[in-house]
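Working notes, beginning with the structure itself.
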Amino acid sequence: MINGVLKSPLKIVSLNDGNVMHAMKNKDQGYTQFGEAYFSIINSGAIKGWKRHKKMVCNFIVPRGKIKVVIYEEKEKVFEEFIMSPENYFRLTIPTNLWVGFQGIHAEPSLLLNIASIEHDTKEADVKDLELLEYDWAKK
């Protein structure tokens, strides 16, 4: 696993009237501080990325659909893939200075929750066009 990336299993409490899906507690490994939480909707086949945060630690959770998250560590030139969904329910903590992109791989739109360590600031992140990192998004 890329240094600093954490994959933390999460609990789903099954209830007759609807499940409770845990996300993060302030005592969990990977928690640094709270800046904001936001949802991203990813349409089937759509790809969002590449982005590298200089200050924000991201905590990704997928409560609906299915998303492939790809992290790229530039110094070692290593890609790491994670398939996230309610059936494979975990929190992915992504430290600063790693490139990240994600793709909707479910027939319907998917939902990604980011519990971010700081408020969103466009000045603290770098972005690259998808084709600038040699990753094959079509591979399974």
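One is the number of the first residue; the rest follow in order along the sequence.
Between Phe82 and Phe90, the ring planes are tilted. Angles from 30° to 60° get that label. Using the six-membered ring where Trp is involved, Tyr135 and Trp50 have ring planes that are perpendicular, over 60° apart on the 30 and 60° scheme.
One hydrophobic cluster holds both Ile67 and Ile94 under the rule that ILVMFWY side chains link at heavy-atom gaps under 4.5 Å. Ile115 and Val100 end up in different hydrophobic clusters when Ile, Leu, Val, Met, Phe, Trp and Tyr side chains are linked at under 4.5 Å. Linking ILVMFWY side-chain heavy atoms closer than 4.5 Å, directly or via other members, places Phe60 and Ile71 in a single hydrophobic cluster.
Evaluation of the ring pair (Phe, Tyr, Trp, His ring centres under 6.0 Å) test over residues 109-131, restricted to residues two or more places apart or in two chains, returns none.
Looking only at distances, a side-chain donor or acceptor of Lys48 sits under 3.5 Å from a matching main-chain atom of Ile41. A donor-acceptor pair is defined here as one N or O able to donate and one able to accept, closer than 3.5 Å; such a pair exists between the side chain of Gln33 and the backbone of Ser117. At least one donor-acceptor pair closer than 3.5 Å links the side chain of Asn88 to the backbone N or O of Ile83. A donor-acceptor pair under 3.5 Å is formed between the side chain of Ser44 and the backbone N or O of His106.
Here CG of Asn19 is found 4.5 Å from OG of Ser14. Values are rounded to the nearest 0.5 Å. Rounding to the nearest 0.5 angstrom, the gap separating the CG atom in Leu10 from the NE2 atom in His22 is 9.0 Å. To the nearest 0.5 angstrom, Thr32 atom OG1 is 11.5 Å from Asn26 atom CG. Between atom CZ of residue Phe102 and atom CE of residue Met84 there is a gap of 10.5 Å, rounded to the nearest 0.5 Å. We find the CG-SG distance between Leu113 and Cys58 to be 11.0 Å, quoted to the nearest 0.5 Å. Taken to the nearest 0.5 Å, the CH2 atom of Trp99 stands 4.5 Å off from the CZ atom of Arg52.
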Step-by-step side-chain contact (heavy atoms from CB on, under 4.5 Å) determination, Ile61 to Tyr89: CA-CA 8 Å; Ile61 301 154; Tyr89 195 58; 3.5 Å; yes

Residues Leu130, Trp137; criterion side-chain contact (heavy atoms from CB on, under 4.5 Å); working and verdict: CA-CA 9 Å; Leu130 283 176; Trp137 288 95; 3.9 Å; yes

side-chain contact (heavy atoms from CB on, under 4.5 Å) between Val69 and Leu92, worked out: CA-CA 9 Å; Val69 177; Leu92 188 62; 3.8 Å; yes

Gln29/Leu6 under side-chain contact (heavy atoms from CB on, under 4.5 Å): CA gap, chis, key distance, verdict: CA-CA 8 Å; Gln29 187 178 12; Leu6 297 173; 3.6 Å; yes

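Surrounding CD of Glu134 are at most 12 heavy atoms belonging to other residues, nucleotides or ligands under 6.0 Å away. Annotation for Asp136: atom CG counts as buried by contact number, over 12 foreign heavy atoms lying within 6.0 Å. Annotation for Lys68: atom NZ counts as buried by contact number, over 12 foreign heavy atoms lying within 6.0 Å. Environment of CD in Glu124: crowded, with over 12 heavy atoms of neighbouring residues, nucleotides or ligands closer than 6.0 Å.
The residues Glu74 and Lys128 are annotated as salt-bridged, a charged nitrogen and a carboxylate oxygen being separated by less than 4.0 angstrom. Salt bridge Glu81/Lys139: present, at least one basic N to carboxylate O contact under 4.0 Å. Taking a cutoff of 4.0 Å between a charged side-chain nitrogen and a carboxylate oxygen, Asp126 and Lys51 do not qualify as a salt bridge. A salt bridge is defined here as a Lys NZ or Arg NE, NH1 or NH2 lying under 4.0 Å from an Asp or Glu carboxylate O, and Lys55 with Asp121 fails to meet this definition.
Looking only at side-chain heavy atoms (C-beta outward), Ser110 and Arg64 stay at 4.5 Å or farther from each other. You'll find the side chain of Arg91 reaches within 4.5 Å of the side chain of Met24, heavy atoms only. Using a 4.5 Å heavy-atom cutoff, the side chains of Tyr72 and Val78 are not in contact. Annotation: side chain of Val20 is not in contact with side chain of Ile12 (no heavy-atom distance under 4.5 Å). Side-chain contact check for Pro86 versus Met21: some heavy-atom pair is nearer than 4.5 Å. In this structure, Ile42 and Gln103 have side chains that are not in contact, with every pair of non-hydrogen atoms separated by 4.5 Å or more. The side-chain heavy atoms of Thr96 and Leu98, taken from C-beta on, include no pair separated by under 4.5 Å. Contact of the Val57 side chain with the Thr93 side chain is registered, since non-hydrogen atoms from C-beta on lie closer than 4.5 Å.
Side-chain atoms of Asn114 and Tyr38 form a donor-acceptor pair, as typed in the model, at a separation below 3.5 Å.
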